[in-house]
Structure formats: C-alpha cells, structure tokens
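Read the structure below first, then the notes.
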Number of protein chains: 2
Amino acid sequence: MSVVNTVKKSGNIRVKSQQKILIAASTEFVLQGFKGATVQSIADRADLPKANILYYFKNKENIYHAVLEHTLQMWDEGIGDISPEDGPKVAIKKFIDAKVRMSFKHPESSKIYAMEIIQGAQHLKDFARTYQRKWVREKAKLFQQWIDNGEMLNVDPVHLIFLIWSSTQHYADFETQILTIMNRADYEEEDVEEVIVFLTDIILRGCGLIK
Amino acid sequence: MSVVNTVKKSGNIRVKSQQKILIAASTEFVLQGFKGATVQSIADRADLPKANILYYFKNKENIYHAVLEHTLQMWDEGIGDISPEDGPKVAIKKFIDAKVRMSFKHPESSKIYAMEIIQGAQHLKDFARTYQRKWVREKAKLFQQWIDNGEMLNVDPVHLIFLIWSSTQHYADFETQILTIMNRADYEEEDVEEVIVFLTDIILRGCGLIK
DNA sequence: CAATTGACTGACCATGTGGTCAACATTAAA
DNA sequence: TTTAATGTTGACCACATGGTCAGTCAATTG
C-alpha cells in the first residue's frame, strides 16, 4: 500500500514535470527551431530551473526526441482510417474531417512535423520509409479498386492523398499567414466546420462523387 | 568609360560573391534553420573565409534578410497573375501551372518561406498584412464576380486560393516525404506535368468548370 | 533513530559562435 | 611611381549555451 502510494506519487510528479517540460519545449521548438530553442528558454517557459530540465531529460536532443514522438502519436491518431466498407465518398469525407480537426486542435504538432520534413526529416526518415509508405500504398490500392469499380473518377490516388494532407495541414502550419490575410486574431469554432465543408465539397466533386 | 568599367568590374566581383554567399546561405538556412546555420558553415559551403562573408554582409541577420528578400521576389514572380479577361477556367489553370512550376524550380525559396511562416512570420508580418492581404482580396473579388455571373460554382474564393497555395507548395516543402513515400531519389521532368494535370483536373472539376 | 534513495539545484566549465580588427593584397587613379 | 580605394583574411575576443557535478533537502525504509 505504502509502496503503491510512493510509486504513484513520485510517478505523478515525474509525469507532471515531464509533461510541463514537453509542452514548453514544443512551443520553443516551433518558435525558435531546434538550435534556436535553448534549454534555458525551455526552462523559463516551464518555470523550472535549467538543471531540473536536464535531470528529467539527459540532454536537449532527448527532449526533442520526446516531442517528436508525441507528434507522431498525434499523426497516427488523427489519421482517420480509410476503410473499404465505407466506399469512396464516406471514406474521403471521414479522412478530411479527421485531418482538419487535428490541424485545428494540435497546430504545434503539425508545425513541428512540418519543420522536420522541410529540414530533411533527419529524425523521421525511418518513419516515412516504413510506416508512412506502407500506409499510403495500402490506401492508394483501396482507392484504385474503387476507381476500377467505377465508383469514382480516375484520379491518381497517391496525389489525392497528398492533396488532402497538404490542404488540411495548411490551416495549422500557415496559421499566421491565414489569420493575417483574413485580418483575424484567432481561429473560431465555426472556422473548422467551414473548412471541412469547403474541402469536402470541392474534393468530392473533384473526384466525381457529387452530382 | 574607365569609370564605367571599374564600377562594372568591381560590381561583378561584388555581385558574384554575394550571390555565392546567398546561395550557400539559403541551403544552410533550410537545412539548419536560422540559429542552426552558422556563419562558418555558410562560409564553408560558399568556399570563402568567414571574415569575407562578414565583409559583404554586416552580420548574420543581414544575410537572412537578403535571402528572404530573394524569396519574396520569387513568390511575386511565380504568382502567375489572375486576370479578368481569362475567365475562371483559364485563370485557375494558369495559376496552378505557375505555382507548381515555381515549387519544382525553387524548392529552397518555398521552404524558407514556409519555415518563416510556421515560426510566426516575424520578418514577414508586414508583407502578409499589406501586399498579400490586398492581393488575396483583389483576386477573391474577381472569383466572386465569376460566381455571381454563374461562370463557376459557389466555392469560397479565399479558401480556394489557400487550397491552390497549399497543394502546390506541398511538392516543394514536403519534397523529402513525398520522395521517400514514392521510393524515389529525385523529382523528374514528368513529375511537374503530372502534378499540374492532376491538380488542374481535380480543382477545376471541384469548381464545376469541367463537364 | 540512522541510512538510503530520489528529487532538485546553484555554481561552474568547455566549447562554439558572432563579430571585430589590424594587417596585407590587389586594382584603379593621379 | 605614388596614392587611394577596395577587397581579403588570420587572429582574436566576449559571450551564450549545453552539460556536469557536488551537495542539499525530503521522504521512505529497516
């Protein structure tokens, strides 16, 4: 009993501190990049002494790894599975819906991910080579079957996936630009639905799945 | 005459060195980010002594400014103007064509631009607030007129512009990911045309401009 | 109680980096 | 040839930053 309590207690403190650090680190990495984010700046943002940061994470690289891991988890959860039973229309609808919601809910994850890829994906090469490539091939095959069955127009499935990825993530990654152009301070609830409707509408029609 | 020659000659050396530096700097900034790119690494890549870099550009910040300026020029040139006479179909076609070609021709510019925006656009706020916002409003109005005239379906013009921006730039910014997924080493000539056909086809149909 | 363990931190240091500068080299002008 | 301007560079420095470490404190255990 006392053992359990002990473990749980220190575990909580540990987890809580680590979480606080990871959140602070995410923000710093987005704002300053990997090199630009200093351990001190992360510490300040997390309101902890620098040495405490290095107590929980051996070094800066390790913090970054942890942040990236969290990001990949987001990616994985937010992917919105495309299943054969749905048929192309519902499948694409679900896919866009999931991706847009994730973009608006976790913009920092999307941003960190984007920066990694832009800079050459040094830490994510394996992820793309194995997991992602497999996922894309699998889903592309599914789309191809629908096309062969005449259930949708003959559009390249792989490029279709890229199109959905890019157009949905855009609202997270280019948040600043979009808000500035629309002369707004922040996104609002309605924006999410509006974007979903817009993208779903235009892409479904583009695939010959409307009218 | 001799004056002209002198100016031209020293000008040439000056311009040539500066160009070499800017190219090297672009690569470094993409690969390492602003903080991560060191003056030394830029010097190495340009094959010049560090002090020579600082002779042509007062400091690192200045190099970055110059690179950004060049990037904006790219953006401006590659924008492919949307003119009223063309009508929606040709206008969108031209727009996509120009944007895709620029993405494949100057991926570094696109990448640097993207990283700036993602990190909060500290150096580009003004550009977006004035120039870009005006451009988008202007073009959106044009699309709206076409919509009101029944020349194209009622899709939100601003989001349409975002869609075209995001889907076209994606091939530059996420180059690494795309190539890895497609299991390829580099883009080839045909890719550009393929992407143009794909995006034009699906977006035009999405706007009710095909069939 | 004493002992052990884990959490935490100020002080410190080695290194890397941006930027300066004095000296030197090359070219153009007088 | 002399003078001046422009280009070029090695050597140097102040400073920020990642990371270590010795030691303190608090809680748990035997």
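What you see is a predicted model; the values in this text were computed from it and never measured.
The minimum heavy-atom distance between B/Leu179 and B/Asp186, with the atom names listed, is CD2-C, 3.6 Å. Across all non-hydrogen atoms, the minimal contact from A/Thr168 to A/Lys99 is OG1-CB, 3.6 Å.
Panel note: side chain A/Ser166, backbone A/Leu163; a donor-acceptor pair is recorded below 3.5 Å. Proximity of a side-chain donor or acceptor of B/Asp201 to a complementary backbone N or O of B/Phe198 within less than 3.5 Å is not detected. Side-chain N or O atoms of A/Lys60 include one that pairs as donor or acceptor with a backbone N or O of A/Ala37 at under 3.5 Å.
Near DNA chain C, meaning a heavy atom under 4.0 Å away, the residues from residues 34-41 of chain B are B/Ala37, B/Thr38, B/Val39. Of the residues in residues 49-63 of chain B, those placing a heavy atom less than 4.0 Å from an atom of DNA chain D are B/Pro49, B/Ala51, B/Asn52, B/Tyr55, B/Tyr56, in numerical order.
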Between B/Glu116 and B/Tyr64, is a side chain to side chain contact (heavy atoms under 4.5 Å, CB included) present by the stated rule, with each step listed?
CA-CA 11 Å; B/Glu116 250 300 300; B/Tyr64 188 64; 2.9 Å; yes

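In this structure, B/Gln32 atom CD and C/dG18 atom C1' are separated by 17 Å, rounded to whole Å. Rounded to whole Å, the distance from CG on A/Asp44 to C1' on D/dG18 is 15 Å. Rounded to an integer number of Å, the gap from NZ of B/Lys16 to C1' of D/dT8 is 18 Å.
With a 6.0 Å radius and a threshold of 12 heavy atoms from other residues, nucleotides or ligands, A/Glu69 has its CD atom at or below the threshold. The environment of NZ in A/Lys139 is crowded: more than 12 heavy-atom neighbours from other residues, nucleotides or ligands sit within 6.0 Å.
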